[in-house]
Amino acid sequence: MPNVSHLRSLQALELAVRTGSLKSAADALALTPAALGQRIKQLEDYLGYDLLVRGRSGIRPTRELDAALAHLRAAFRELDTVSGILDFQKAHEIHIVADTDWAELWLKPRLPAFRKLQPNTRFCINGVGDVPVRLGQADCKIWFGEPNGEGEEHALFRDYLVPVSSPANNSRISNLARDERLEGFPLLHLDCYKLDHEAIGWPDWVARHGYRTTAPERGIRYLRIVHALEAVYSDAGLILCGLALVSEIVRQGALSLPFPLSQGAWTGHSYQAWFREGATRRGQVAQFRDWLVREGKKSERQIADALGSTG
């Protein structure tokens, strides 16, 4: 019989079958698909046979797993029930599954301010933090996109996409003739905005504002903003990035805005926050929710005010 150390593997397996996708299951657990697949493989290695069949149409259980699937699903339904009754999350713990760029770039710089208001609150964010990750639903989930229409949801803020560069590249650009300022500079592309039809990419931006005449669609593509920013820091190119996420880095001088703020565009989608049913009955979670909504509105308002002041 698998020991307790296989609970996470069983959780990954049950979610993968339920969602029909390793990626969807990984997103729910704030893991990469590779990490989730490794959890399942560890259980398969332990048992000595495959549990999933992977094909073009998705994944499905093998005959061996199918025989146990009803019990597996029932077990995790019962675990959720037990979690709700006993409330595995202590009153001062908040468990969050969040868009990783948002967590690193937006939440992390602001969290010390909340900790000053609530010094006894401890966090687990995407499985890392002051307290260990737990089985069961998180208190809060954050994503960039449309509302899911499930339970308590709050739109936190839209972002404003602007060109972002290193200070060194900003100096180089400013010395060039206007029509040539982006010629020869690598343009880095972010795929995290691709499902938002109102979010602009480099071809749209260049068509609107100029500064370049050749191949604005070319360049390396990144799924995560923090990875693209590493290239920007090393003077390897420019990105179109959400200003709310990098405003603190710009303020500190590690990043620059090489073009007028007016030459940007709002996203259509917002960062959304969902709170588990019953979680906000706990004081710390309710206070975190209220603080999060206030800070989100503040971020959007600060950008709008800056745009107004620039004309």
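Since the model is a prediction, treat every value here as computed from it, not as a measurement.
Atom CZ of R60 has 12 or fewer neighbouring heavy atoms from other residues, nucleotides or ligands inside a 6.0 Å radius. For CD of E277, the number of neighbouring non-hydrogen atoms (other residues, nucleotides, ligands) closer than 6.0 Å is 12 at most. The environment of CZ in R218 is sparse: at most 12 heavy-atom neighbours from other residues, nucleotides or ligands sit within 6.0 Å. Atom CZ of R281 has 12 or fewer heavy atoms from other residues, nucleotides or ligands within 6.0 Å.
With respect to K41 and D45, a salt bridge is recorded, a charged nitrogen being found less than 4.0 Å from a carboxylate O.
In this structure, a donor-acceptor pair under 3.5 Å is present between the side chains of S166 and D235. Between the side chains of T213 and E183, a donor-acceptor pair is found at a separation under 3.5 Å. No donor-acceptor contact under 3.5 angstrom links the side chains of Y193 and E198, judged on distance only. Counting only N and O atoms by type, the side chains of T121 and R115 include no donor and acceptor under 3.5 Å apart.
Nearest heavy-atom pair across L161 and A199 is CD1-CB, 3.8 Å. Between T19 and A25 the shortest heavy-atom distance is OG1-N, 3.7 Å.
Classification of the H154-F275 ring pair by plane angle, with boundaries at 30° and 60°, yields perpendicular. Ring geometry for H209 versus W205: interplanar angle of 30 to 60°, hence tilted. Y271 and F157 have tilted rings, their planes meeting at an angle from 30° to 60° on a 0 to 90° scale. In this pair, F114 and F123 present their aromatic rings perpendicular. The plane angle is above 60°, beyond the 30 to 60° band.
Two rings, from H189 and Y222, have their centers 6.0 Å or more apart.
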Derivation of the salt bridge (charged side-chain N to carboxylate O under 4.0 Å, His left out) call for K297 and E300: CA-CA 5 Å; K297 293 184 183 301; E300 188 169 328; over 6 Å; no
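Under the side chain to side chain donor-acceptor pair (under 3.5 Å) rule, D139 has a single partner from H95, Q284, R282, R289, which is R282.
Taking the ring axis of F185 as reference, the NZ or CZ atom of R172 does not stay both within 45° of it and closer than 6.0 Å to the ring centre.
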